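Residues: numbered from 1 along the sequence shown. Remember, predicted model here, so these are calculated numbers, not experimental data. One-based numbering, in listed order, for ligands and for the atoms of each.
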Amino acid sequence: MYDVVVVGAGVGGLYSSLVLASKGFKVALVESKPRGRIGDKTCGDAIGVHHFQHIGLPIPESVVDHRYRGVKVKSPSEEHELVVPGEGVSVNRVKFGQWLLKNALDHGVELYDEHTLVGVELKDQGVSSVKVKRVGGGLVELKARYYIDASGARPSLRTKLPPEWPIAERPYETDFNLAYREVVEVEKPVDEADVHYAVIYLNTTVAPGGYWWMFPKDRGGSIVNVGLGVIGGSSYNPRHNYDKYLRGRFKGRVLHAGGGIVPTRRPLPTMVWSNVGSVGDAAYTVNPVHGGGIGSTMEAAHILATHLANVLESGEPNTYNMWEVNLKYLEAYGVKQAGLDVLRMFLQRLSNEDFEWIIRNKLVDGSSVYDLGVKGSLGEKVVGAISTMVKLLGRPSLLGELRVLRMYMNKVEGLYKEDYPRNPDEIKRWVSRVEELFDEYARLIGFNRGARVKW
Ligand SMILES: Cc1cc2nc3c(=O)[nH]c(=O)nc-3n(C[C@H](O)[C@H](O)[C@H](O)COP(=O)(O)OP(=O)(O)OC[C@H]3O[C@@H](n4cnc5c(N)ncnc54)[C@H](O)[C@@H]3O)c2cc1C
C-alpha cells in the first residue's frame with residue numbers, strides 16, 4: 001500500500017513525487033517509458049525563470065542549454081517585431097527529467113518504468129486501486145491513499161473516472177494545438193540579433209490558429225528548436241506545414257524530431273475530486289496564448305503535492321479537505337490562464353493583415369505584453385492607449401472587438417476569481433456558468449469550438 005500513486009513521469013509527475021517523497025511519504029511513480037528515456041519530450045524547451053523562483057527551486061545549471069533575454073514576436077512579413085523582456089532558459093529536457101528523477105529516487109520514490117496505466121478500480125466513491133501493465137508483461141495492481149494523474153495531454157487516469165465527476169471533464173477539439181518541431185544543427189547560424197531571444201513568428205499561413213517559433217539552443221546560434229502549432233479540430237497538419245514552409249529555411253542535421261499536442265485552454269474546473277488529483281497537461285495548466293506549460297506544470301505540482309502532504313499527515317484526503325488546491329492554483333496561475341483563454345480565441349480569429357497592422361503600429365509594446373503574460377490583464381492605461389491608437393488609425397471595428405474582448409476577459413476572470421466555489425458542492429452550477437460564458441463569446445466572434453474530444 002502506497003501513500004500516493006503518481007501516473008506519468010513528465011515534469012508534473014516527477015516534481016509531485018519528489019515533493020511528496022521528500023516529506024517522507026511512500027510514493028509509486030508509474031511511467032510507460034523506460035527509465036533512460038524519462039524527460040524525453042517533444043517541446044520548445046523554453047521556460048521563464050520566474051517559475052523556478054515561484055516554487056523555490058534553483059535551476060540546475062547542468063540542464064540549461066542556453067539563456068534568453070526575452071521573447072521577440074515578429075509580424076507576418078517579419079519586418080516588424082516587438083520585444084518582450086524577461087529572463088528565460090532553454091532546458092535540455094532529457095537532462096532535466098533525469099535530474100528530477102534522480103532526486104525523486106534519492107528520496108525513496110519507487111519507479112515503475114515501462115508500466116502503463118490500463119485500469120482503475122472504484123469503491124465507495126473513490127479509487128481503490130489502479131492496474132498497470134508492464135511492457136511485454138503482466139498486470140500489477142497498485143493501491144494507495146491518493147492517486148495523481150500527471151499523464152499529459154491525453155490523460156490516462158481521470159478519463160477512466162465516472163463522467164459525472166467534474167475532474168473527468170472532456171475538452172473541445174479546438175482546446176488543443178497540434179504541434180510539430182525539430183531540433184536542428186543549422187548550416188547557417190541564427191542572426192546575431194536574435195540569438196539571445198526565443199523568437200515567435202505570427203503567421204496564419206504557416207501556423208493557422210497558433211504560431212511558429214525559432215528558439216536558439218546555444219550561444220553560437222548553430223542549434224535551433226524550430227516548430228509550429230496549428231489549432232486542433234481542423235484539417236491542418238503541422239508536419240506538412242513544417243515541410244512546406246520551414247524545412248528549407250532551417251537546413252542542417254536534424255538532432256530530434258517529433259510532434260505533440262498542447263492543451264491551450266483554461267484550467268480543468270477542479271484539480272481534485274475524491275482521492276484523485278491532476279496536474280500539468282492532464283489538468284490543462286498550460287498558458288493558452290503561448291502554450292508554455294513546463295513552468296505552470298511545476299507550479300501546479302508544487303501546490304497539489306504540498307497541500308496533499310499536509311492532509312496525509314493528519315487524515316485521509318477527500319474532495320473537501322483537498323479543495324483548497326483549486327483556490328491556490330487559481331490564485332497562482334489559473335485566473336490569469338482563464339482570462340487568456342478568451343484572448344486565445346480572439347487571436348485565433350485574426351488574419352495576417354491584422355497581426356501585421358497591430359505590430360507595425362506598435363499597438364501594444366513589449367512591456368504590456370509582458371504584463372499580459374504575467375498578470376493576465378492589460379492595465380487601464382494600456383487599454384486607453386490602445387483605444388486612442390485604434391481610433392486614430394481608423395479601425396473602429398477593431399476597437400469594438402477589443403472592447404468586447406476586454407469585457408469577456410474581465411467576466412471570465414471574475415468568475416474564476418470571485419465566484420469560484422469555496423466548496424465542491426457548488427462546482428457543477430459554476431461549470432455551467434463558465435460554459436455559458438465561453439459559448440456566448442464564441443458565438444459573438446463566430447468561433448466554432450468543434451466537437452468534444454473522444455479519448
Ligand atoms: C511541440 C511542443 C512544444 C512545447 N513547447 C514548450 C515550451 O517551449 N515551453 C514550455 O514551457 N512548454 C512547452 N510545451 C508544453 C510542455 O511541454 C508541457 O506543458 C509539459 O511538458 C507538461 O508536462 P506534464 O508532466 O504534464 O506532461 P508530459 O511531459 O506529457 O508527461 C506525461 C508522462 O506521462 C506518461 N504517460 C502517459 N500515459 C501514461 C500511462 N497510461 N501510463 C503511464 N505513463 C503514462 C508519458 O509517457 C509522459 O512521460 C510544448 C509542448 C509541445 C507538444
Side-chain angles (χ1 to χ4, degrees), residues 5-17 28-35 37-49 51-52 68 71 88-91 93-94 96-97 100-101 111-120 130-135 142 148-160 176-183 198-200 207 210-215 217 225-230 238-239 242 256-264 278-288 290-301 304 455:
V5 169
V6 179
V7 184
V11 78
L14 287 164
Y15 195 62
S16 307
S17 310
L29 175 59
V30 181
E31 168 59 50
S32 303
K33 292 176 189 160
R35 180 173 170 162
R37 277 197 52 224
I38 287 178
D40 187 3
K41 159 101 187 169
T42 297
C43 184
D45 308 337
I47 168 170
V49 297
H51 291 293
F52 288 93
Y68 301 124
V71 177
V89 289
S90 171
V91 286
R93 293 293 315 254
V94 176
F96 187 37
L100 286 170
L101 176 65
L111 176 67
Y112 289 77
D113 64 335
E114 298 194 78
H115 280 76
T116 298
L117 179 113
V118 290
V120 173
V130 291
K131 296 225 165 66
V132 300
K133 189 177 180 315
R134 195 182 149 69
V135 177
L142 300 175
I148 295 179
D149 188 353
S151 59
R154 284 194 185 89
S156 66
L157 196 169
R158 65 175 189 82
T159 47
K160 295 180 177 61
F176 291 89
N177 242 233
L178 317 181
Y180 178 80
R181 76 96 177 88
E182 295 191 351
V183 178
V199 189
I200 283 177
Y211 61 82
W212 74 270
W213 72 85
M214 189 281 301
F215 297 166
K217 280 194 76 71
N225 180 317
V226 182
L228 67 100
V230 303
R239 169 74 200 261
Y242 186 94
H256 195 293
I261 62 171
V262 195
T264 44
S278 182
V279 294
D281 283 9
Y284 318 131
T285 52
V286 173
N287 181 306
H290 59 56
I294 309 170
S296 41
T297 292
M298 288 198 303
E299 294 203 32
L304 179 83
W455 299 112

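Proximity to Phe215 (heavy-atom distance under 4.0 Å) selects the following atoms of ligand 1: 8 (O). Heavy-atom proximity to Gly12, at under 4.0 Å, picks out these atoms of ligand 1: 25 (O). Within the listing of ligand 1, atoms 12 (N), 13 (C), 14 (N), 15 (C) sit less than 4.0 angstrom from a heavy atom of Gly291. In summary, the atoms of ligand 1 found under 4.0 Å from a heavy atom of Gly152, numbered by their order in the structure, are 27 (O), 30 (O), 32 (C). Ligand-side atoms of ligand 1 in range of Lys33: 47 (O), 49 (O), range being under 4.0 angstrom from any heavy atom. Close contacts of ligand 1 with Ala179, meaning ligand atoms under 4.0 Å from a residue heavy atom, involve 1 (C). Per-residue contacts place Val286 under 4.0 angstrom from the following atoms of ligand 1 (heavy atoms of the residue considered): 19 (O).
Contacts with ligand 1 closer than 4.0 Å are made by no heavy atom of Ser296, backbone or side chain. Contact annotation: for Arg93 versus ligand 1, heavy atoms closer than 4.0 Å belong to the side chain alone. Proximity of Tyr180 to ligand 1, defined as any heavy-atom pair under 4.0 Å, is not found for any part of the residue. With a 4.0 Å heavy-atom cut-off, ligand 1 is reached by the backbone of Thr116 and by its side chain too. At a heavy-atom distance under 4.0 Å, no atom of Arg154 approaches ligand 1. Residue contacts with ligand 1 for Asp45 involve N, CA, C or O but no side-chain atom from C-beta outward (heavy atoms, distance under 4.0 Å). By the criterion of a heavy-atom distance under 4.0 Å, the side chain of Thr297, and not its backbone, is placed next to ligand 1.
One distance of note links CD1 of Ile261 with OG1 of Thr42; it measures 12.0 Å at 0.5 Å rounding.
Of the protein's non-hydrogen atoms, Gly293 N, 2.9 Å is the one closest to atom 12 (N) of ligand 1. Of all protein heavy atoms, the one closest to atom 46 (C) of ligand 1 is Glu31 OE2, 3.5 Å. The nearest protein atom to atom 42 (N) of ligand 1, hydrogens excluded, is given as Leu117 N, 2.9 Å; this is a heavy-atom distance. Looking at atom 51 (C) of ligand 1, its nearest protein heavy atom turns out to be Val262 CG2, 3.8 Å. Atom 30 (O) of ligand 1 has Lys41 NZ, 3.1 Å as its closest protein atom, hydrogens excluded (heavy atom only). Scanning the protein for heavy atoms near atom 53 (C) of ligand 1, the closest one is Thr42 O, 3.5 Å. Taking atom 31 (O) of ligand 1 as the reference point, the nearest protein heavy-atom neighbour is Gly10 CA, 3.3 Å. Of the protein's non-hydrogen atoms, Gly44 N, 2.7 Å is the one closest to atom 5 (N) of ligand 1.
Side-chain contact check for Glu114 and Tyr112: no donor-acceptor pair (N or O, by modelled atom type) lies under 3.5 Å. Ser90 and Lys217 form a side-chain donor-acceptor contact under 3.5 Å, judged by distance and modelled atom types alone. If you check the side chains of His256 and Asp40, you find a donor sitting under 3.5 Å from an acceptor.
For atom 45 (C) of ligand 1, the nearest non-hydrogen atom from the set Ala282, Ala300, Ser32 comes from Ser32. For the residues Ala150, Gly258, Gly8, the heavy atom positioned nearest atom 32 (C) of ligand 1 is part of Ala150. Of the candidates Ser151, Ser278, Cys43, the one placing a heavy atom closest to atom 13 (C) of ligand 1 is Cys43.
In terms of polar-atom proximity, defined here as any N/O pair under 3.5 Å, Ser156 does make such a contact with ligand 1. Close N/O approach between Asp281 and ligand 1 is found [any backbone or side-chain N/O within under 3.5 Å]. For ligand 1, none of its N or O atoms has an N or O atom of Gly295 under 3.5 Å away. Checked against a 3.5 angstrom limit, the closest N/O atoms of Val11 and ligand 1 fall inside it. The N/O atoms of Ala46, backbone and side chain alike, include one that comes under 3.5 Å of an N/O atom in ligand 1.
For the pair His290 and ligand 1, no heavy-atom separation below 4.0 Å is found. Within the structure, ligand 1 lacks Gly227 among the residues with a heavy atom less than 4.0 angstrom away.
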Can you list the steps and then say if Tyr284 with Thr264 is a side-chain contact (heavy atoms from CB on, under 4.5 Å)? CA-CA 7 Å; Tyr284 318 131; Thr264 44; over 6 Å; no

